[in-house]
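Throughout, a chain's letter reflects where its sequence line sits, starting with A, and its residues are numbered from 1.
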2 protein chains.
Amino acid sequence: MKYSKQREIVLKALEENVIHPTADELYKLIIKDFPNIGLATVYRNLNLLAEKGVIKKIYGLNDAAHFDHNTHNHHHFICTKCNKIYDIPYDIASDIADNVWKKTGFAIERTELSFQGTCKNCQTKN
Amino acid sequence: MKYSKQREIVLKALEENVIHPTADELYKLIIKDFPNIGLATVYRNLNLLAEKGVIKKIYGLNDAAHFDHNTHNHHHFICTKCNKIYDIPYDIASDIADNVWKKTGFAIERTELSFQGTCKNCQTKN
DNA sequence: CCTTAAACTGATAATGATTATCATTATTAG
DNA sequence: CTAATAATGATAATCATTATCAGTTTAAGG
């Protein structure tokens, strides 16, 4: 991975953001200061940085992927109306829905807990 | 919601499937027996049935949405290589990653726990 | 058993997010 | 300074999904 000015810009823009922007949202913010950056570059660098573990890609609803500069263990609450993503502290995960309601006031309509990795089939195949 | 032959076909096809098919995968299975069904009809009915709680829509990776006829509380393991979705029993959720590894042999690379619903902003706006 | 409104269908166009392509430019090790 | 490699910006291509719309099916009331 070689240094690039654009990657630095993308990372900094994400770090300055409290919300969890999509690639396109971040692009629209960045072009205000750097009108020459390309949309594909923003996508490329966000995915690259997520691959390297510098940032985190959030797979929420199936519309657009969101990105998070906070790589520490924590959960997310996704509003099904406005699509905003809120942070949920990690230690809340024990009595899931009830606890979230009591501690945050978020009315949970759906809880998605999914694990991703390499299954046994694919582990042996490689 | 009115009865429709096509919806019955879609539901039955999903119920007969152990895998967690995408709309397109299910469509390709169904047209073998019912060549006249439309792709949009499969999408429509899967989303409608998921809305009504008859089946469950799985938001995993950000490619295509998967569907599950099992609406009981359980989790999923998504293989990042073959994209297959496996069931994980519900009572496993306490000591998340470690327990899954010990009980199933799945090597977890990413755990996604996300809650969806209506946030406070949107609750008051409506 | 009719009639009619509402729901549903299949075909296809449109949309929206993301990736692929490719000629050009920037970075970096020696 | 130079060559090899990675990165860029513009844009075309892809892929999943939704919107549209004219025609068909369903169901409830007379």
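- Between the C1' atom of D:dA16 and the OH atom of A:Tyr59 lies a distance of 16 Å, rounded to the nearest Å.
- Toward the 5' end of DNA chain D, the nearer of the two residues B:Ala23 and A:Ile37, judged by each one's closest nucleotide, is A:Ile37.
- Using a 4.0 Å heavy-atom criterion, one finds that A:Ser4 contacts the sugar-phosphate atoms exclusively.
- A single hydrophobic cluster is not seen to contain both B:Leu48 and B:Leu39; linkage of ILVMFWY side chains at heavy-atom distances under 4.5 Å, directly or through other members, places them apart.
- Put simply, CG on A:Leu48 is 18 Å from P on D:dT5, counting in whole angstrom units.
- In terms of heavy atoms, A:Thr71 sits closest to A:Val54 at CG2-O, 3.4 Å.
- The nucleotide whose nearest atom lies closest to any side-chain atom of B:Arg44 is, among D:dT18, D:dG9, D:dT20, D:dT20.
- Under the 4.5 Å side-chain heavy-atom criterion for ILVMFWY residues, no single connected hydrophobic cluster contains both A:Leu26 and A:Ile85.
- Dashed line: the shortest gap from a side-chain N or O of A:Asn36 to OP1 or OP2 of D:dT8 is not under 4.0 Å.
- Spacing between atom CZ of B:Phe34 and atom P of C:dG10 amounts to 11 Å, rounded to whole angstrom units.
- Protein atom CD1 of A:Ile31 is 14 Å distant from nucleotide atom C1' of D:dA10, rounded to whole Å.
- No side-chain donor-acceptor contact under 3.5 Å links A:Arg44 to the backbone of A:Arg7.
- Within 4.0 Å of A:Arg7, counting heavy atoms only, lie sugar-phosphate atoms of the nucleic acid but no base atom.
- Of the candidate nucleotides D:dT17, C:dA17, D:dG9, C:dA17 has the atom nearest to the side chain of A:Tyr43.
- Residue B:Asn45 places at least one side-chain N or O under 4.0 Å from the OP1 or OP2 atom of C:dT9.
- Nucleotide C:dA17 holds its P atom 14 Å from the OH atom of A:Tyr27, rounded to whole Å.
- Each of B:Asp24 and B:Tyr3 lies near DNA chain D, and the nucleotide nearest B:Asp24 is the one positioned closer to the 5' end.
- Between the CE atom of A:Met1 and the C1' atom of C:dT28 there is a distance of 15 Å, rounded to whole Å.
- Taking atom NZ of residue B:Lys5 and atom C1' of nucleotide D:dT26, one finds them 11 Å apart after rounding to whole Å.
- With a 4.5 Å cut-off on side-chain heavy atoms, A:Asn47 and A:Lys57 count as touching.
- In the set D:dA19, C:dC8, C:dT18, the nucleotide with an atom closest to the side chain of B:Ala40 is D:dA19.
- For the pair A:Leu46 CG and D:dT8 C1', the computed distance is 15 Å after rounding to whole Å.
- In this structure, B:Gln6 reaches the C:dG10 phosphate: one of its side-chain N or O atoms is under 4.0 Å from OP1 or OP2.
- At C:dG10, one or more side-chain N or O atoms of B:Thr41 fall inside 4.0 Å of OP1 or OP2 (strictly under the cut-off).
- Listed by first and then second residue, the ring pair (Phe, Tyr, Trp, His ring centres under 6.0 Å) pairs involving residues 1-37 of chain A are A:His20-A:His76 (not counting sequence neighbours).
- Ranking D:dA16, D:dG9, D:dA27 by closeness to the B:Ala64 side chain, first place goes to D:dA16.
- With hydrogens and angles ignored, a donor-acceptor pair under 3.5 angstrom links the side chain of A:Lys2 to the base of D:dT5.
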